[in-house]
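Here is the structure we will look at, set down as structure tokens.
Computed from a predicted model, the values in this text were never measured in an experiment. Chain letters run A, B, ... following the sequence lines, proteins first and then strands; every chain starts at 1. Only heavy atoms go into these numbers, but all of them, side chains included; no hydrogens, no water, no symmetry mates.
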Protein chains: 2
Amino acid sequence: MRLVIARCSVDYIGRLRAHLPLATRLLMVKADGSVLIHSDGGSYKPLNWMSPPATLHVTEPDEDDNEAGVAEIWNVQHAKSDDRLVISIHEHLHELSHDLGADPGLVKDGVEADLQRLLAEQIHLLGQGCTLIRREYMTAIGPVDILARDAAGRTVAVELKRRGDIDGVEQLTRYLELLNRDPLLAPVRGVFAAQQIKPQARVLATDRGIECLSLDYDAMRGVDDIESRLF
Amino acid sequence: MRLVIARCSVDYIGRLRAHLPLATRLLMVKADGSVLIHSDGGSYKPLNWMSPPATLHVTEPDEDDNEAGVAEIWNVQHAKSDDRLVISIHEHLHELSHDLGADPGLVKDGVEADLQRLLAEQIHLLGQGCTLIRREYMTAIGPVDILARDAAGRTVAVELKRRGDIDGVEQLTRYLELLNRDPLLAPVRGVFAAQQIKPQARVLATDRGIECLSLDYDAMRGVDDIESRLF
DNA sequence: TCGTGCATGTCGAGG
DNA sequence: CCTCGACGTGCACGA
């Protein structure tokens, strides 16, 4: 990785066009040829960037550029598209290079997949006597997160979200509409399950006869840990 | 901005939990307290990060940490939530600080507005004899991208997307429902226009009697260029 | 390789 | 403040 602090202007030409006026910024060149241009604020998104794989080609400024104070031009060309980044460097302030090597990568815990696994294992949270039919039950308009059968033998379709919002209720509504056309499954109950369910989503779900289920992830993981320790 | 190359491990506890095993990485501390942890690959998204506003508090390692080889611990606490990043620094390899100042920001040119302008200008793409009523036709629930009249005199509501997926069909459905209550406009045809339309969105649209229209942006821009050259 | 859905999404506009 | 929609979305996973 190569880090350069420089006064520069930047132009991106590709899926759209974008321009950064002259200012002091951090240029980060990664081992795979990707380039990030960061300011001293904002979130993790760079002001501008080039995705890998890309190649960096440094050229001398032409007469006009030279007159404008450009010392060096970086042409960053994406390897698989016409996307191009042109960095006009006016002043080179700092430089630092270091080989970081490969990274072991991030280990995540608590994304929707974890929540789905836990709910499938603790399917009784849907109600006494519920049994799992399957996770990721495929339909023409996408997979239903969890399909189960309740104590009375009715099919239950579960839409699972980390944060329950209106669009999640819409999604479940579409699934229910489709599933209820299948005589082997109908009638199908809907359950909207999430760690947090927004009031508006709860109102909409209730209005459509969809049950809301708040999930306590820490408690569910606690149960999972205890079960794991038994084996 | 402060840049540190260090051998470190990282733990994030917040909306989820995430862990980065010990490795050499770039730590970027911005002026607003945000922190980014980058490896030497991947795209612009850091391995882990803390959004602003946040505060960095450096503490000495306790006995266990010391034994494990930790030299220094960075506690990064988000100012408005419980999100927390703990960076255990084993080895400090490089350091570089520089005040970048405020950035003038990115100037973007021509994205979604272009597609809408082009379709309005080439309204015949909706079908022979179509005429434009207006762009951004306002309704109580938001603006319809394009409203037109077809050769048979029927109103046509167009929802325009760069990438057409189910959400766009839902949006157009809401507009059609509303527009069809207006006796001056009803009956209103729906056209879902996008550069690419996903199969599931196409299924849903067709099921609801909404026509799908794939747009060739390059061709449309080409026509635009030719027309421009005539004047 | 391509398509699909999630994301600690981020970001900006508008009510 | 919150909601909604766009994004050069990125990203992992499955067909």
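Take the nearest nucleotide of DNA chain D for G42(B) and for K198(A): the residue whose nucleotide is more 5' is K198(A). Comparing R15(B) and I141(A), the nucleotide of DNA chain C nearest to each residue sits closer to the 5' end for I141(A).
Between L36(A) atom CG and dT10(C) atom P there is a gap of 16 Å when expressed in whole angstrom units. In this entry the distance linking CG of D109(A) with P of dC6(C) reads 19 Å, nearest Å. Put simply, CG on D145(B) is 11 Å from C1' on dG5(D), counting in whole angstrom units. Rounded to whole angstrom, the span from the CG atom of L106(A) across to the P atom of dG10(D) amounts to 18 Å. Distance D83(B) CG to dT10(C) P: 10 Å, rounded to the nearest Å. Atom CE of M138(A) and atom P of dG5(C) are 8 Å apart (whole Å). Between the NZ atom of K108(A) and the P atom of dG9(C) there is a distance of 9 Å, rounded to whole Å. We find that CG of D103(B) is positioned 13 Å from P of dC11(C), with the value rounded to whole Å.
Among the heavy atoms of the strands lying under 4.0 Å from S51(B) are primed sugar atoms or P, OP1, OP2 only; no base atom is included. Counting any heavy atom pair closer than 4.0 Å across all strands shown, Y44(B) reaches sugar-phosphate atoms only and no base atom.
Salt bridge status for E159(A) with K161(A): present, with a side-chain N to carboxylate O gap under 4.0 Å. In summary, D11(A) and R17(A) do not engage in a salt bridge, as defined by a charged side-chain N under 4.0 Å from a carboxylate O.
Here R174(B) reaches the OP1 or OP2 of dG5(D): one of its side-chain N or O atoms lies under 4.0 Å away. For R163(A), no side-chain nitrogen or oxygen approaches OP1 or OP2 of dA7(C) to under 4.0 Å. Residue W49(B) places at least one side-chain N or O under 4.0 Å from the OP1 or OP2 atom of dT10(C). Under 4.0 angstrom from either OP1 or OP2 of dG9(C) there lies no side-chain N or O belonging to K45(A).
Comparing atom distances between the S43(B) side chain and each of dC11(D), dC6(C), dG5(D) picks out dC11(D) as nearest.
Of the options L178(A), V188(A), T139(A), a side chain to side chain contact (heavy atoms under 4.5 Å, CB included) to V144(A) is made by T139(A) and by none of the others.
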Exercise for review: Please step through side-chain contact (heavy atoms from CB on, under 4.5 Å) for the pair V86(B) and V10(B), ending with a clear verdict.
Suggested key: CA-CA 6 Å; V86(B) 179; V10(B) 183; over 6 Å; no

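A side-chain donor from one of R208(A) and T173(A) sits under 3.5 Å from a side-chain acceptor of the other.
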